[in-house]
Novice: 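For reference, the structure I am asking about is given below.
Here the structure is a predicted model, which is why all the values come from computation and not from measurement.
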Amino acid sequence: MPPMAKAPSQRQLRVGEEIRRTLSDALMRGDVHDPALAGLSITVTEVEVTADLRIATVFVMPLGGGDREAAISGLKRAKGELRHHVARSMALKHAPDLRFRIDGTFDRMDDTRRMLSDPRVRRDVEARDEDADGDPADEA
């Protein structure tokens with residue numbers, strides 16, 4: 001059995017949120033000078049920071065789920081510039097290394113929505129709801 005992952009500390013959460021806000025602002029204002037990013041609207045959905053605050057994994061999604069590969073490659077090329085924005089806006093001993101990933105949350109939500117709209121699944125859920133409304137002694 002794999003070991004349980006330790007929950008992030010309040011400091012990690014606070015630093016991650018500040019990095020998210022800084023990167024979102026820089027991308028929204030167009031402070032990044034990469035032609036691939038010029039025409040893209042990118043949402044920074046979450047930032048996870050390691051316990052030592054040296055690595056920040058930045059989860060992003062292009063608006064409308066657009067060209068994900070172009071967004072990631074543009075962000076990787078602009079990593080130094082974005083890291084500079086983070087270092088300037090935060091009082092950290094070291095600016096964290098930024099690693100960009102596509103946020104899969106939206107895809108998982110779509111998959112779940114599709115699954116729940118399947119007539120067989122709806123039938124099973126409705127049948128279970130009807131059973132739950134009955135007498136609790138019947139469930140044994």
Side-chain angles (χ1 to χ4, degrees):
M1 193 164 153
M4 297 286 290
K6 186 177 174 187
S9 68
Q10 285 298 313
R11 180 176 168 101
Q12 285 173 272
L13 294 172
R14 197 170 50 248
V15 169
E17 179 58 22
E18 185 62 29
I19 292 171
R20 188 196 68 75
R21 216 175 4 252
T22 300
L23 294 175
S24 291
D25 290 346
L27 291 169
M28 183 180 66
R29 287 191 310 265
D31 292 346
V32 182
H33 303 95
D34 187 285
L37 298 176
L40 289 176
S41 289
I42 298 175
T43 301
V44 180
T45 57
E46 183 180 4
V47 176
E48 292 178 356
V49 183
T50 57
D52 63 2
L53 306 180
R54 292 196 179 246
I55 299 172
T57 303
V58 182
F59 293 93
V60 298
M61 180 57 75
L63 187 65
D67 192 354
R68 297 171 181 199
E69 295 307 316
I72 291 295
S73 63
L75 289 167
K76 285 180 180 178
R77 281 192 305 274
K79 179 163 78 168
E81 193 174 353
L82 290 167
R83 191 174 180 202
H84 178 75
H85 282 286
V86 169
R88 217 176 22 172
S89 73
M90 299 180 69
L92 294 173
K93 187 174 185 178
H94 302 282
D97 182 37
L98 303 176
R99 299 185 180 172
F100 298 97
R101 306 279 183 270
I102 291 295
D103 188 344
T105 305
F106 301 105
D107 293 335
R108 287 190 301 277
M109 285 179 5
D110 287 342
D111 291 344
T112 302
R113 201 173 290 119
R114 262 192 303 280
M115 180 186 69
L116 291 174
S117 67
D118 183 311
R120 293 172 298 173
V121 173
R122 273 202 330 257
R123 182 188 64 228
D124 291 345
V125 169
E126 289 167 1
R128 187 174 183 122
D129 287 345
E130 288 172 9
D131 289 345
D133 291 338
D135 185 25
D138 293 341
E139 293 181 20

Novice: Return the NE2 to OG1 distance between His85 and Thr22, rounded to the nearest 0.5 Å.
Specialist: 10.0 Å
Novice: Measure across Asp31 and Glu81 and return the closest heavy-atom pair with its distance rounded to 0.1 Å.
Specialist: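 The answer is O-OE2, 2.8 Å.
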Novice: Is a donor on one side and an acceptor on the other found under 3.5 Å between the side chain of Gln12 and the backbone of Ser9?
Specialist: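 Confirmed, Gln12 side chain pairs with Ser9 backbone.
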Novice: Heavy-atom distance under 4.5 Å between the side chains of Ile102 and Pro62, does that happen here?
Specialist: yes
Novice: Hydrophobic cluster membership, with links at side-chain heavy-atom distances under 4.5 Å among I/L/V/M/F/W/Y: are Phe59 and Val15 in one?
Specialist: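 No, Phe59 and Val15 fall in different hydrophobic clusters.
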Novice: Rounded at 0.5 Å granularity, tell me how far CD1 in Ile19 sits from CD in Glu17.
Specialist: 10.0 Å
Novice: Working to the nearest 0.5 angstrom, can you tell me the gap between Ile42 CD1 and Met61 CE?
Specialist: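 Those atoms lie 11.0 Å apart.
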Novice: Compare all side-chain heavy atoms of Leu27 with those of Val44 and state whether any distance is below 4.5 angstrom.
Specialist: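 Yes; the side chains approach each other to less than 4.5 Å.
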Novice: Using a 4.5 Å cut-off on heavy atoms from C-beta on, say whether the side chain of Val58 contacts that of Arg99.
Specialist: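 Arg99 does not reach Val58 side chain to side chain.
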Novice: Measuring from atom OG of Ser89 to atom CD of Glu18, what distance do you get when rounded to the nearest 0.5 angstrom?
Specialist: 5.5 Å
Novice: Between Thr45 and Val60, is any pair of side-chain heavy atoms under 4.5 Å apart?
Specialist: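 No, too far: nothing below the 4.5 Å cut-off.
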Novice: Can a donor-acceptor pair be found, under 3.5 Å and without considering hydrogens, that links the side chain of Arg83 to the backbone of Ala95?
Specialist: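 Present.
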Novice: Should Asp97 and Lys79 count as side-chain neighbours, where that means a heavy-atom distance under 4.5 Å?
Specialist: yes
Novice: Could you state the interatomic distance from CG (Asp52) to NZ (Lys93), rounded to the nearest 0.5 Å?
Specialist: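 One finds 11.5 Å between CG of Asp52 and NZ of Lys93.
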Novice: Are Val86 and Pro96 close enough that some pair of their side-chain heavy atoms sits under 4.5 Å apart?
Specialist: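 In short, these two side chains touch, coming nearer than 4.5 Å.
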Novice: Of all the heavy-atom pairs spanning Leu37 and Ala78, show the shortest one and how long it is.
Specialist: CD1-CB, 4.1 Å
Novice: Just wondering, more than 12 heavy atoms not from Arg11 lying within 6.0 Å of its CZ?
Specialist: no
Novice: Answer yes or no: is there a side-chain heavy-atom contact under 4.5 Å between Leu82 and Phe100?
Specialist: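 Yes, their side chains come closer than 4.5 Å.
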Novice: Determine whether Met90 and Val47 fall in the same hydrophobic cluster, where Ile, Leu, Val, Met, Phe, Trp and Tyr are linked whenever their side-chain heavy atoms lie under 4.5 Å apart.
Specialist: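 Per the 4.5 Å side-chain linkage, Met90 and Val47 are co-clustered.
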Novice: Quick check: do Leu92 and Leu53 have side-chain heavy atoms less than 4.5 Å from each other?
Specialist: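 Side chain of Leu92 against side chain of Leu53, heavy atoms only: contact under 4.5 Å found.
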